[in-house]
Number of protein chains: 2
Amino acid sequence: MSSYLTDFNKVFESRVRLGMMSLLVVQEQVDFGQIKENLQLSDGNLASHMAALEKMGYVEVRKQFIGKKPNTTYAITALGRQAFVEHLASLEKLIQQIHP
Amino acid sequence: MSSYLTDFNKVFESRVRLGMMSLLVVQEQVDFGQIKENLQLSDGNLASHMAALEKMGYVEVRKQFIGKKPNTTYAITALGRQAFVEHLASLEKLIQQIHP
DNA sequence: CATTTTAACTTTGTATCGCAAAGTACTTTT
DNA sequence: AAAAGTACTTTGCGATACAAAGTTAAAATG
């Protein structure tokens with residue numbers, strides 16, 4: 001397989017996880033509600049896709065209380081940032097190869 | 001969902017189909033063997049992913065004999081080229097938004 | 001002529017995925 | 001006490017991905 005394809009990260013082949021990482025890479029803290037609204041996901045779907053990113057070590061969870069309400073925020077890890085940036089670089093490379 | 005994500009084409013969310021379209025968009029004729037070798041696919045996997053692209057009208061099949069051997073080549077359609085270029089444009093847009 | 005090979009599939013079986021809906025736990029608001 | 005909010009987990013089901021094996025038809029080989 002050509003290198004620019006093997007470089008793609010399997011975990012980012014999902015529209016939902018791509019969207020999550022896109023939010024997390026530009027904003028250091030994103031909470032459950034923001035992600036849910038922005039990506040229009042059900043609670044369960046959000047949780048399971050986010051769990052996949054956590055499992056890879058790409059995302060960290062922070063649980064806190066805001067006032068009296070529980071609040072879950074997510075943050076990208078250094079590893080996650082690196083992996084995502086590399087994935088985007090591979091995409092860019094593919095695009096370059098196709099219409100330089 | 002943010003627009004740059006809804007614009008993604010579901011059929012191109014697969015590494016294999018992305019690879020196929022990448023080959024087809026730069027080379028007008030690509031045959032079964034070339035694709036198989038380039039993407040390292042089993043016959044069956046190749047055929048079924050290609051069938052998905054055909055079903056969308058993105059790819060055309062051309063069967064012929066080269067000498068005495070049967071030969072199947074694939075070619076991108078105008079529709080396929082358009083869809084793929086739009087998909088790449090959405091990816092590019094995402095990348096731009098993330099690190100302009 | 002019979003067997004094997006080649007090309008390109010199709011079928012089958014299995015494992016994984018994606019998603020909605022429902023259920024859970026704990027707390028707060030009413 | 002009951003209802004609602006937050007963040008899940010579980011369940012169930014249809015779709016997907018893949019390898020492996022089976023199929024078809026012609027060609028090459030013995």
Side-chain angles (χ1 to χ4, degrees), chain A residues 1-2 5-6 8-24 29-56 58-76 87, chain B residues 1-2 5-24 27 29-56 58-76 87:
Chain A
M1 186 138 51
S2 6
L5 285 172
T6 51
F8 288 160
N9 192 323
K10 193 133 189 35
V11 91
F12 302 143
E13 259 170 59
S14 142
R15 189 189 305 237
V16 170
R17 291 190 297 268
L18 198 65
M20 288 175 163
M21 292 300 282
S22 301
L23 293 176
L24 292 169
Q29 301 261 117
V30 188
D31 77 18
F32 196 94
Q34 290 178 312
I35 291 171
K36 185 180 171 180
E37 189 187 355
N38 200 292
L39 302 182
Q40 297 284 320
L41 304 171
S42 65
D43 289 9
N45 202 17
L46 192 167
S48 77
H49 279 293
M50 195 61 82
L53 294 175
E54 287 169 44
K55 195 178 158 189
M56 297 288 292
Y58 292 172
V59 162
E60 253 177 29
V61 195
R62 293 174 192 171
K63 282 163 195 292
Q64 56 176 337
F65 277 79
I66 292 182
K68 306 200 164 169
K69 292 182 183 172
N71 176 262
T72 301
T73 66
Y74 301 100
I76 199 168
H87 181 75
Chain B
M1 186 136 54
S2 6
L5 284 173
T6 51
D7 286 349
F8 288 161
N9 192 324
K10 194 132 189 33
V11 93
F12 301 143
E13 259 169 57
S14 142
R15 188 190 307 236
V16 170
R17 291 190 298 268
L18 198 64
M20 287 174 164
M21 291 300 283
S22 300
L23 292 176
L24 292 168
Q27 190 178 329
Q29 301 262 115
V30 189
D31 77 19
F32 196 94
Q34 288 178 313
I35 291 171
K36 186 180 170 181
E37 189 188 354
N38 199 293
L39 303 181
Q40 296 284 322
L41 304 172
S42 65
D43 290 8
N45 202 17
L46 193 167
S48 77
H49 279 292
M50 196 59 84
L53 294 174
E54 286 169 44
K55 194 179 159 190
M56 297 289 291
Y58 291 171
V59 162
E60 255 177 27
V61 194
R62 293 174 193 169
K63 281 162 196 289
Q64 57 177 335
F65 277 78
I66 291 182
K68 305 199 163 170
K69 291 183 183 173
N71 176 263
T72 301
T73 66
Y74 302 99
I76 199 168
H87 182 75

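In this text the structure is predicted, and so the values were computed from the model without any measurement. Chain letters run A, B, ... following the sequence lines, proteins first and then strands; every chain starts at 1.
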Item to check | Set of ring-ring contact (aromatic ring centres under 6.0 Å, His included) partners for F12(A), sequence neighbours left out | outcome: Y58(A), F84(A), H87(A)
Next on the checklist: For E54(B), give me all partners under salt bridge (charged side-chain N to carboxylate O under 4.0 Å, His left out), at least two apart in sequence or on another chain.
Outcome noted: none
Checklist entry - Under a 4.5 Å cut-off applied to non-hydrogen side-chain atoms, are L53(B) and H49(B) in contact? => result no
Checklist outcome for this item: The side-chain contact (heavy atoms from CB on, under 4.5 Å) partners of A52(B) (sequence neighbours excluded) come to R17(B)
Report all side-chain donor-acceptor pairs from residues 63-70 of chain A shorter than 3.5 Å, counting only partners two or more places apart or in another chain.
residue, atom, partner, partner atom, Å
Q64(A), NE2, N71(A), OD1, 3.4

Item to check | Rounded distance in Å - CZ (R15(A)) to C1' (dG18(C)) | outcome: 12 Å
Checklist entry - Can you pull the salt bridge (Lys or Arg N to Asp or Glu O under 4.0 Å) pairs that have at least one residue in residues 39-51 of chain B, sequence neighbours excluded? => result K36(B)-D43(B)
Checklist entry - Just by protein heavy atoms under 4.0 Å, how would nucleotides 8-14 of chain C read 5' to 3' in B, S and -? => result BBB----
Next on the checklist: Are T73(B) and Q34(B) packed together at the side-chain level, in the sense that at least one heavy-atom pair is separated by less than 4.5 angstrom?
Outcome noted: no
Checklist entry - What is the distance from NZ of K36(B) to C1' of dT6(C), rounded to the nearest Å? => result 10 Å
Checklist entry - Can you check the E13(A) CD to dG18(C) C1' distance for me, whole Å? => result 14 Å
Next on the checklist: Could you work out, with side chain to side chain donor-acceptor pair (under 3.5 Å) as the rule, every residue matching Q27(B), not counting sequence neighbours?
Outcome noted: none
Checklist outcome for this item: Rounded to whole Å, NZ of K68(A) lies from P of dT30(C) at a distance of 12 Å
Checklist outcome for this item: Across all chains, not counting sequence neighbours, the side-chain contact (heavy atoms from CB on, under 4.5 Å) partners of K55(A) are none
Item to check | Atom-pair distance (CG on L39(A); P on dG18(C)), nearest Å | outcome: 14 Å
Next on the checklist: Could you tell me the boundaries of the chain B footprint on DNA chain D, defined by atoms under 4.0 Å from its heavy atoms?
Outcome noted: dA17(D) to dA28(D)
Next on the checklist: With a 4.5 Å cut-off on side-chain heavy atoms, are I35(B) and L23(B) touching?
Outcome noted: yes
Next on the checklist: Holding to side-chain contact (heavy atoms from CB on, under 4.5 Å), I want the full list of residues that pass it with A75(A), two or more places apart in sequence or in another chain.
Outcome noted: Q29(A), R62(A)
Review item, nucleotides 15-17 of chain C N/O atoms under 3.5 Å of protein N/O:
none

